[in-house]
There are 2 protein chains.
Amino acid sequence: MARVGLTTDRLVRAGAELADEVGFEHVTVSELARRFDVKVASLYSHVKNSQDLKTRIALFALEELADLSADAVAGRAGKDALTAYADVYRDYALTHPGRAAATRLRLDPETAAASAGVRHSQMMRAILRGYDLPESDRTHAVRLLGSTFHGYASLEGAGGFSHSSPDSEESWRRILDALDTLLRNWPTR
Amino acid sequence: MARVGLTTDRLVRAGAELADEVGFEHVTVSELARRFDVKVASLYSHVKNSQDLKTRIALFALEELADLSADAVAGRAGKDALTAYADVYRDYALTHPGRAAATRLRLDPETAAASAGVRHSQMMRAILRGYDLPESDRTHAVRLLGSTFHGYASLEGAGGFSHSSPDSEESWRRILDALDTLLRNWPTR
DNA sequence: TAGTTTGCCTAAAAGCTTTAGGCAAACGCA
DNA sequence: TGCGTTTGCCTAAAGCTTTTAGGCAAACTA
């Protein structure tokens, strides 16, 4: 009965890798147990249940992505900051599709409020400081950016843009140009 | 052994309703059988398997939404057409969250190509005729609109904008204004 | 009305989730 | 070092979902 050394943290990290391999929706307690060569019931000491595991993977991914973004955005402003943030987002979604899908998991309000999701909004708000938006419009702009990045990564990940020209990379660049233009010509009421 | 009169079509419609009630990811062949007061195995004459059921629900929702959109867009142009299309999209997502989630299901390329998804792209292309975009940029713009609508509906459905001001309705209107502005000032290379 | 089709059934196997209770490894302290 | 406690992983078991195979009777079809 050698002990493998399970911890919640190790399970969550392995769960994130599993998600990238098989898709977040196919992450299963059983499969995770198999990977640790351990009986399923053993995981239940470290994780409340399947939902809990998925939530933890989502929180982990949000955090990891926030760290990467913060790094990329540091020292940049304006369009430079916008594209740095956006590119990190998209790259993350491409290299870690399962984790990216996890960041789209519906979290209950308290969990969401305590998540790295708020760091993401704060970063977007900070990026908007490089543009001349009235304070009252910042939230709208944050929501627009969030929706677009989210949506693009999601559609691209679902294969929506593959095998059709022009290629996705080009659309992405043009969309970032467009969003930059938009923020510099933001329509006020 | 009274016959209930199952058909693939009835199953798909009931599946769509079920999705709206419990969430698309919780749609299950078992639950559907329960609702028809029929044994689970009976459904397998009408539907290949669970994945097949979900795919059919997705195709149904895409079709239904395309019909609604076509109706809304008919006879409109420019911003009028843009907002009509977008509003139908968002309303659908709010009133039919499960079906809307279904439209985000990853379809394999052939299935996607034969789906009403292509009607959606065509409608967006048609809407863009009201704006003065170079032909070569239309695809980029379609992808931007698709991403933004998709992303907004997804985040709003996940509760991302609820319980925080300004309310979602206002952001949505402002985002449509912004997209309209953007399309009228589309940055070319 | 007889024959055929087919819709729904029973049976059963296999996989995932979750809880309860047990044994032994690892830790903490004298 | 040895003893007691903690705790990590195990076995067992129940309940649910998926999926396949084979059967009977209801509903078309001639």
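Throughout, a chain's letter reflects where its sequence line sits, starting with A, and its residues are numbered from 1. Side chains included, hydrogens not; waters and symmetry mates left out as well; all remaining heavy atoms used.
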**Asked** Does Arg90(A) use its side chain to pair, donor to acceptor, with the backbone of Tyr85(A) at less than 3.5 Å?
**Response** no
**Request:** Check whether any side-chain N or O of Arg34(A) sits under 4.0 Å from OP1 or OP2 of dC16(C), and answer yes or no.
**Result:** yes
**Asked** Under 4.0 Å: is that the gap between some side-chain N or O of Ser42(A) and OP1 or OP2 of dG8(D)?
**Response** no
**Item:** Rounded distance in Å - CG (Asp52(A)) to C1' (dT18(C))
**Value:** 13 Å
**Request:** Check the distance between dT18(C)'s P and Lys39(A)'s NZ and give it to me in whole angstrom.
**Result:** 19 Å
**Distance, rounded to the nearest Å, where Arg3(A) contributes CZ and dC23(C) contributes P** = 15 Å
**Request:** Between dT10(C), dG8(D), dC8(C), spot the one nearest the side chain of His46(A), thanks.
**Result:** dG8(D)
**Message:** Can you see if the side chain of Thr28(B) gets near the phosphate of dT18(D) - specifically, an N or O under 4.0 Å from OP1 or OP2?
**Reply:** yes
**Message:** Testing the 3.5 Å rule here: is there a donor-acceptor pair between the side chains of Thr8(B) and His46(B)?
**Reply:** no
**Fill in**
Testing dT18(C), dT18(D), dC9(C) for proximity to the side chain of Val40(B), the answer is dT18(D)
**Prompt:** To the nearest Å, how far apart are Leu43(A) CG and dC16(C) P?
**Reply:** 12 Å
**Request:** Would you kindly confirm whether Met124(A) and Leu82(A) end up in one hydrophobic cluster when ILVMFWY residues are joined by side chain heavy atoms under 4.5 Å apart?
**Result:** yes
**Nucleotide nearest Asn49(B) when distance is taken to its side chain, options dT18(C), dA25(C), dT19(D)** = dT19(D)
**Message:** Taking any heavy-atom pair under 4.0 Å as a contact, classify Val4(A): base, sugar-phosphate, or nothing.
**Reply:** sugar-phosphate
**For atom CG of Leu18(B) and atom P of dT17(D), their distance in whole Å** = 12 Å
**Message:** Taking the basic N atoms (NZ, or NE/NH1/NH2) and the acidic carboxylate oxygens, is any pair closer than 4.0 Å for Arg56(A) and Asp9(A)?
**Reply:** no
**Request:** Provide, to the nearest angstrom, the distance between the NE2 atom belonging to His26(B) and the P atom belonging to dT18(D).
**Result:** 12 Å
**Residue whose closest nucleotide on DNA chain C lies nearer the 5' end, Glu31(A) versus Lys48(A)** = Glu31(A)
**Message:** So, OP1 or OP2 of dC8(C): does either fall under 4.0 Å of a side-chain N or O from Ser45(B)?
**Reply:** no
**Request:** Identify which nucleotide among dT19(D), dC9(D), dA20(C) has an atom closest to any side-chain atom of Tyr44(B), counting heavy atoms from C-beta outward.
**Result:** dT19(D)
